[in-house]
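Data first, discussion second: the structure below is written as structure tokens.
So that the names make sense, note that chain A is the first sequence line, chain B the second, and so on, each numbered from 1.
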Amino acid sequence: MQKEINFLPLDYDYFDLNGKNCIKIVGKDDRGKRVCLLDSFESFFWVIFKDGTKEKRIEEIKKEIETIKIESDMRKTEIIKTELHNKKFLDKEVRALKVYVTNHKDCHAVADQIGYDEVLARREYDINIITKYILEKKLLPLTWKKISGEILNNSREFGGIDNILDVDLCLKIEKIENLEENRKKELDEKFSPNILAFDIETDEFEIGKGAILMISLYGKNIKKVLTWKKCEKSQEFVECFKDEADMIEAFVEYIKKIKPDILTGYFSDGFDMPYLKARAEQNNIKLSLGIDGSKPMFTRGKITSAGIFGIIHIDLFRFIETSFSQYLQSETLGLNEVALELLGEGKKEIKWKKSSKMNESEWSNFFDYNLQDSMLTYKLSEKIWSDMLEFTRIIQEPLFDITREGMSQHVENYILHNLEKYNEIAEKRPVHDEIERRRNLGKYGGAFVLQPLPGLYEHIFMFDFTSMYSSVIVTYNLAKSTLLEKKEKDSLKVDLETEKEKEIYFSKKPGFFPLMLNEMVEKRKKYKGEYKKNENNMTKARSNAYKLLANAAYGYQGFFGARYYCREAAAATAALAKKSIIETIEKIKKEGFKVIYSDTDSICMLLEKRSKEKALELLEKLNKELPGIMGLELEEFYERGIWVTKRDGEFGAKKKYALINEKGKLKIRGFETVRRDWCTLARELQNKILEKILREGNEKSALELFIKIVKSFKERKIEREEILIRTQLKKPLSEYKSITPHVIAAQKMKEAGKPVNIGMLVQYFIAETREKKSLVREKVKLEDEKGEYNLDYYLNHQIIPAVDNIFQVFGINVKEIISGKKQTTLF
DNA sequence: GACTGAACTATACC
DNA sequence: ACGGGTATAGTTCAGTC
């Protein structure tokens, strides 16, 4: 029977049937029903011929390629057909053969068998089958389409797969059509995904070592904690089970009943999912979460990803880490801090105890805690849903992947999904040896940073280049495909000071990469405008996504794992940006303004006795003289600003300054205040001192505050929390060549049976010791250890260093004041 | 054992 | 393996006298 539906694709998967590729797509129709679409797919790759290959020879090779067969235990693979096309490869016109293969998995093996002298390259055998499918059929993720097809009901065609799927409808795709924009908009407004958040609590932190004590679920119509522990008299949201096995089975049943589109957790790829897997195995339960009854699939990689067929499992932490953290101020990306920042509400506080030692009220608190975590995860997912949606639509990869891939992969996927407009065949992914070669090339020259003259300044204008590196790439046409082997007529010469190949040349004929980037920049401008006109989550997310993508394009070209890696283009981008900002600084100076600081794409200058209008006129003039799409804008006007010296020496420190604008808002960069590896005492003291100086324009009350705090510090009135030092553990303990204080702290934690993981913040303080010890690490104590804070250490390594060079700007030597030498002369 | 510079380490800026 | 280079600053480590 035939049927026509409006369909929103959510999850993609594929399987083999009789050696051929089948694609299954799970999504929603416009009445909220869960639908699975099945489709066959003929995969292909390209054989590109060298320039000048005779058509007759191409025909011969075509015939020979068509006879290739590959046989393995699994399947027989053949060539379905071949087609000759005029295409482009790296912006050059080429003749290319599109080779259709019965099974995608054998694309690479078939391509390997083609080794003619006339063949320039074989490409696109290394592109993911889902990506290829989306490209070919235009069934874009999270985008409404009109689908017509045949209703499958126990059909033999797909091996009866429709029978085991928990869906309302299963269709064999016959036609995919676009919907009218208005209709799409209407459907979009009606749709919101059914999200279910979950979180588990366990006795042991090591995966699978202890039992799962409880599992919380939080969704639109469900707020529950499942447990098999003391819960006879607990809260009504707690549901009791006989044992761990029963509880896990109930969890699976709830998922089946709720039928969420999205199952989300916080760090669930790294903890909750693998833990559930381990405990299910231990208890001989099948964790059949997939809509076909399948278990979660764990993909290999540095971090494993847990996929559930038909339900999109999102580990919110990973999306926030890779794509969203730039918007956040949080020093760590833990659930508590991120939720506090985005929702204004954090985790519940509880005292950690072995579960065997908990009393009834402690269990009750634990249930609250567990539910709260799911609730926060649910609310966070709602909060950033528009960002995930926009990223997915713009990049056109499935949501599951979008929430896990890094910025570089996003850029690459965006490129792959937009090559068609340029008739381009995709470049290959680098293999291991090539990656090694690229990595061994070392660094190339980067940005320009102007050394400031230390001091307190007033009336400061800050200009900055809008999306500087992107605009340089577009303006100067810098990419792999436009890099010339040697100098050509009317090409662009770029000097690279630090490189062996000092001069390189780029074509002026626009390449697809800069053109595509220009499109991104244009779209960003357009959607930023739309956002300004109509401020909502959607327009904001769209504008931000384009901004992030455009900004990542430069890093992408310099990234060793990129298909379109081009070290020369990246180096030229940095070199031309440097040249451009230095020239701009010179122009500003020529106009009589004093330039006090500059870093990469920003310039700080003093107004002195001039009016603001004068500076704005200058900005306009500079903009007129900038080439291509490059542009300079007013970042902000600041009332005051302070630049200090480096710790040792009299020279001004780069990347370290504090500013205050007309509204009294501070902008602090580089100072210890913004560094999380300094203790709160030093950070807050420095922050207050900077604020006083910037607000009042003098150092008097700042100095008074400093003396007051030192006094209270010496009297040991400072709380332990204030003097804790937090340092991130970046690798396994055994790999540290230098045994630093935080390594010692981590070792102590391990000995105390506390969890020690890569990436965690280790907390410790420096204590007084009985004997004299020369190394800092010999005085390390954990926060719950007995001991007094080390007066000498904190004074000379935290408090004084945090304020010393600030007061030096005013000619004040705080060390002498502390030791009592000069106190009288100052007061 | 004190001193010194290099190496290692973490974190920030753009 | 899973964006880039520039920069500051702390602590340890290895060598010198």
Q) According to the interplanar angle, ranging from 0 to 90°, do the rings of A:Tyr457 and A:Trp643 count as parallel (below 30°), tilted (30 to 60°) or perpendicular (above 60°)? A) perpendicular
Q) Would you call the rings of A:Tyr554 and A:Tyr444 parallel, tilted or perpendicular if under 30° counts as parallel and over 60° as perpendicular? A) perpendicular
Classify [X] by what it touches in the nucleic acid, base, sugar-phosphate, or nothing, heavy-atom distance under 4.0 Å.
| X | value |
| --- | --- |
| A:Tyr444 | sugar-phosphate |
| A:Gln409 | nothing |
| A:Lys667 | nothing |
| A:Ala570 | nothing |

In whole Å, I'd like the distance from the [atom1] atom of [X] to the [atom2] atom of [N].
| X | N | atom1 | atom2 | value |
| --- | --- | --- | --- | --- |
| A:Tyr469 | C:dT6 | OH | P | 9 Å |
| A:Glu568 | C:dG4 | CD | P | 16 Å |
| A:Tyr657 | C:dA7 | OH | P | 14 Å |
| A:Trp643 | B:dC13 | CH2 | P | 14 Å |
| A:Phe671 | B:dT11 | CZ | P | 20 Å |
| A:Asp601 | B:dC13 | CG | C1' | 10 Å |
| A:Tyr565 | C:dA1 | OH | P | 16 Å |
| A:Lys578 | C:dT6 | NZ | P | 8 Å |

Q. Are a donor atom and an acceptor atom from the side chains of A:Glu633 and A:Thr466 found within less than 3.5 Å of each other?
A. no
Q: May I ask you to decide whether A:Lys748 forms a salt bridge with A:Glu785, counting only side-chain N to carboxylate O separations under 4.0 Å?
A: yes
Q.
Do the side chains of A:Lys667 and A:Glu635 get close enough for a salt bridge, i.e. N-O under 4.0 angstrom?
A. yes
Which nucleotide wins on minimum distance to the side chain of [X], given the candidates [options]?
| X | options | value |
| --- | --- | --- |
| A:Lys443 | C:dG5, B:dC14, B:dT11 | C:dG5 |
| A:Thr600 | B:dA12, B:dA10, B:dC14 | B:dC14 |
| A:Arg439 | C:dA1, B:dA10, B:dC14 | C:dA1 |

Q: Provide the distance between the two P atoms, one in B:dA10 and one in C:dC2, to the nearest whole Å.
A: 16 Å
Q. Strictly under 6.0 Å, is that where the ring centroids of A:Phe765 and A:Tyr794 end up?
A. no
Q) How about A:Phe512 and A:Tyr564: are their ring centres within less than 6.0 Å of each other? A) yes
Q: Indicate for each nucleotide in nucleotides 8-17 of chain C, in 5' to 3' sequence, whether protein heavy atoms under 4.0 Å reach the base (B), only the sugar-phosphate (S), or nothing (-).
A: SSSSSS----
Q) Can a cation-pi geometry be assigned to A:Arg404 and A:Phe400, taking NZ or CZ under 6.0 Å from the six-membered ring centre and within 45° of the ring axis? A) yes
Q: Any salt bridge (Lys or Arg N to Asp or Glu O under 4.0 Å) involving residues 313-328 of chain A? Give me the pairs, sequence neighbours left out, ordered by first then second residue.
A: A:Asp269-A:Arg318
Q: Give a yes/no answer on whether the side chain of A:Tyr414 brings an N or O atom under 4.0 Å of OP1 or OP2 in C:dG3.
A: no
Q: Can you sort out which residues in residues 547-564 of chain A have a heavy atom within less than 4.0 Å of DNA chain C? Ascending by number, please.
A: A:Gly555, A:Gly558, A:Phe559, A:Phe560
Q. Does A:Ile395 reach the side chain of A:Asp401, with side-chain heavy atoms less than 4.5 Å apart?
A. no
